[in-house]
Trainee: 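If you scroll down you'll find the structure; I have some questions about it.
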Amino acid sequence: MPILVMKFGGTSVATLDRIRRAAKRVGVEVSKGYDVIVIVSAMAGETNKLVGFVNETSPLYDAREYDAIVSSGENVTAGLMALTLQEMDVPARSWQGWQVPVKTNSAHSSARIEDIPTDNIMAKFGEGMRVAVVAGFQGVSPEGRITTLGRGGSDTTAVAFAAAFGAERCDIYTDVDGVYTTDPRIASKARKLDKIAFEEMLELASLGAKVLQTRSVELAMRYKVKLRVLSSFEEQSDDAGTLVCDEEEVMENRPVSGIAYSRDEAKMTLVSVADRPGIAAAIFGPLAESGVNVDMIIQNIAEEGRTDMTFSCPVDQVKRAEKALNDAKTAGHINFHDLIADTDVAKVSAVGIGMRSQSGVAAKMFKTLSDEGINIKVIATSEIKISVLIDRKYMELAVQALHDAFELEKAA
Ligand code: ADP
Ligand code: ASP
Ligand code: MG
């Protein structure tokens, strides 16, 4: 029988009632003749609560225990979804990541899936089971420890299962009815897209649009998974939602097709470091080893052999970064006068494949922000994106102003 993957995010399984509603939707696909793999997230708010417990217990925690704790939310919803389906007379059972097993590397809290053997689940489908409910977000390391795939990782579980099982489609059910030109919760003028190119979706996701985890888009692109984002709250037709697909299939052609933001950024400045060969390696080596995800970097001009080095990273990694840099200083590997952390910044980005062939996008972006009186702290660009770091209090204003300036509310 053809296989379908259906993933339900946290808000879509937030209550028993919503789980029932999701299960009904699964039942409809089963009655159409599909064997279904359902991937579930933890109930809304549950993972945040667990992360809070970890941070309160141990600020510089052991990531293996972090994974053991935060992966548990998905176990509950997987079991509840299986029970709900059984109550509806749909043959179903739950699987935790290690039972499948979802084999990952050992990069705890941001592990990568390396292999998903299909034999266990296929054998059950062969015996008449119609739905395999799999706890998203989790895997097992070569050492046999529980791993997690990073926040939003159930999207990646879903796409990886679709690829491994050759599913006809991977449907991501969430609390919005598709991918929009920007987060519809921030800009009321955001417009739903019928289709979006993999590359644009990849860039939007990596710049903060959490509707899909970045890695899930990467996998869908690589394994040609038919990936769709749609609402779990509305009745859906077969062409509902947003299809993530190849560039050639997307009709819109404009310089900017979406605005993304990332709220929880920090800007860190090392004041007066020696300007010598190897200094960047001496700073960013220890940061990488401590698991700090450095994003933007600027090195200021040197004066009398000393310079300031600024970089950005997620705000919840500031403590880790400070420790790594202070340890490197104590060990005599680097020398700086001061380490300043600005934890009230956000990143706002304009994304579009059309930027490759159209100039003036950066100028327009900077002018728009300047007209709103928003100061730009750091700039980064690539072929299809421009990102700026600004004070967090202006983030929503910046998103709305840029959405207006690039006229994204209008179809191209
Ligand atoms: P789930 O719990 O279903 O995984 P998420 O909260 O992870 O859902 O992702 C859905 C959310 O992504 C939406 O509620 C919306 O606020 C946010 N979002 C950010 N950018 C976009 C965008 N461009 N299009 C749609 N949703 C977006
Ligand atoms: N529950 C996990 C999280 O909140 C994984 C997911 O929902 O995708 O990040
Ligand atoms: Mg999500």
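In each ligand, atom 1 is the first atom listed, and ligand 1 is the first ligand listed. Computed from a predicted model, the values in this text were never measured in an experiment.
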Trainee: Check this for me: R254, atom CZ, are more than 12 non-hydrogen atoms of other residues, nucleotides or ligands nearer than 6.0 Å?
Mentor: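 Yes, because the 6.0 Å sphere around CZ of R254 holds more than 12 heavy atoms from other groups.
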Trainee: Using modelled atom types only, decide if a donor and an acceptor are shared between the side chain of E247 and the backbone of E199 within a distance under 3.5 Å.
Mentor: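 No; judged by distance alone, with no hydrogens or angles, the pair does not exist.
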Trainee: Please report whether ligand 2 has a polar contact with T47, defined as an N or O pair separated by less than 3.5 Å (distance criterion only).
Mentor: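 Right, the criterion is met.
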Trainee: Does ligand 1 have an atom that lies less than 4.0 angstrom from a heavy atom of Q213?
Mentor: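 It does not, in that no heavy atom of Q213 comes within the 4.0 Å cut-off of ligand 1.
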Trainee: What closest approach, in Å, do S72 and L50 show between heavy atoms, and which atom pair accounts for it?
Mentor: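 Taking S72 first and L50 second, the nearest heavy atoms are OG-CD1, 3.5 Å.
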Trainee: Nearest to atom 9 (O) of ligand 2, what protein heavy atom do you find, and at what distance?
Mentor: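 I find the closest protein heavy atom is R151 NE, 2.7 Å.
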Trainee: Can you find an N/O atom of Y180 closer than 3.5 Å to an N/O atom of ligand 1?
Mentor: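 Y180 vs ligand 1: N/O contact under 3.5 Å present.
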Trainee: Take atom CD in E143; do more than 12 heavy atoms of anything else shown fall under 6.0 Å from it?
Mentor: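 Enclosed: over 12 neighbouring heavy atoms sit under 6.0 Å from CD of E143.
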Trainee: Which part of V229 is near ligand 1, with near meaning a heavy atom under 4.0 Å away: side chain, backbone, both or neither?
Mentor: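 Under 4.0 Å from ligand 1, V229 contributes no heavy atoms.
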Trainee: For G10 and ligand 1, does the shortest N/O to N/O distance drop below 3.5 Å?
Mentor: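 Yes, G10 has an N/O under 3.5 Å of an N/O on ligand 1.
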Trainee: Give the numbers and elements of all ligand 2 atoms closer than 4.0 Å to a heavy atom of S41.
Mentor: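 So the answer, numbered in order with elements, is 6 (C), 7 (O), 8 (O).
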Trainee: Considering only non-hydrogen protein atoms, determine which one is nearest to atom 2 (C) of ligand 2 and report residue, atom name and distance to 0.1 Å.
Mentor: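 Its nearest protein heavy-atom neighbour is E74 OE2, 3.4 Å.
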Trainee: Looking at atom 27 (C) of ligand 1, what's its closest protein heavy atom, distance included?
Mentor: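 Here the closest protein heavy atom is V211 CB, 3.7 Å.
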Trainee: Checking the N or O distance criterion of under 3.5 Å, is ligand 1 in contact with S41?
Mentor: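 It does not: no N or O of S41 is found under 3.5 Å from an N or O of ligand 1.
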Trainee: In the protein, which heavy atom is nearest to atom 21 (C) of ligand 1, and how far is it?
Mentor: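 Scanning the protein heavy atoms, the shortest distance from atom 21 (C) of ligand 1 goes to D183 CA, 3.7 Å.
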Trainee: Whether the side chain of T181 engages the backbone of R191 through a donor-acceptor N/O pair (distance < 3.5 Å, no angle test) should be reported.
Mentor: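 Checking the backbone N and O of R191 against the side chain of T181, a donor-acceptor pair under 3.5 Å is found.
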Trainee: Which residue supplies the protein heavy atom nearest to atom 25 (C) of ligand 1, what is that atom called, and how far is it?
Mentor: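 Of every protein heavy atom, G178 O, 3.4 Å lies nearest to atom 25 (C) of ligand 1.
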Trainee: Is the shortest distance from a heavy atom of G152 to ligand 2 less than 4.0 Å?
Mentor: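 Flag set, G152 near ligand 2.
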Trainee: Taking distance alone, with N or O pairs closer than 3.5 Å, would you say T174 contacts ligand 1?
Mentor: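 Right, the criterion is met.
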Trainee: How far apart are the closest heavy atoms of S231 and Y173, and which atoms are they?
Mentor: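 Reported closest heavy-atom pair: O-CD2, 3.6 Å.
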Trainee: Can you name the residues that form a side chain to side chain donor-acceptor pair (under 3.5 Å) with K7, not counting sequence neighbours?
Mentor: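 K7 satisfies side chain to side chain donor-acceptor pair (under 3.5 Å) with D155 once adjacent residues are dropped.
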Trainee: Could you check whether atom OH of Y61 has more than 12 heavy atoms from other residues, nucleotides or ligands sitting under 6.0 Å from it?
Mentor: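 Yes, because the 6.0 Å sphere around OH of Y61 holds more than 12 heavy atoms from other groups.
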Trainee: Please classify the E46 to ligand 2 contact at 4.0 Å (heavy-atom distances, strictly less than): side chain, backbone, both or neither.
Mentor: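 Near ligand 2, E46 shows nothing, with every heavy atom at 4.0 Å or more.
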Trainee: Return yes or no for this condition: an N or O of R185 is under 3.5 Å from an N or O of ligand 1.
Mentor: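 By distance alone, the answer is yes.
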Trainee: For G136, does its backbone N or O pair with a side-chain atom of T157 as donor and acceptor, under 3.5 Å?
Mentor: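 Such a contact is absent between T157 side chain and G136 backbone.
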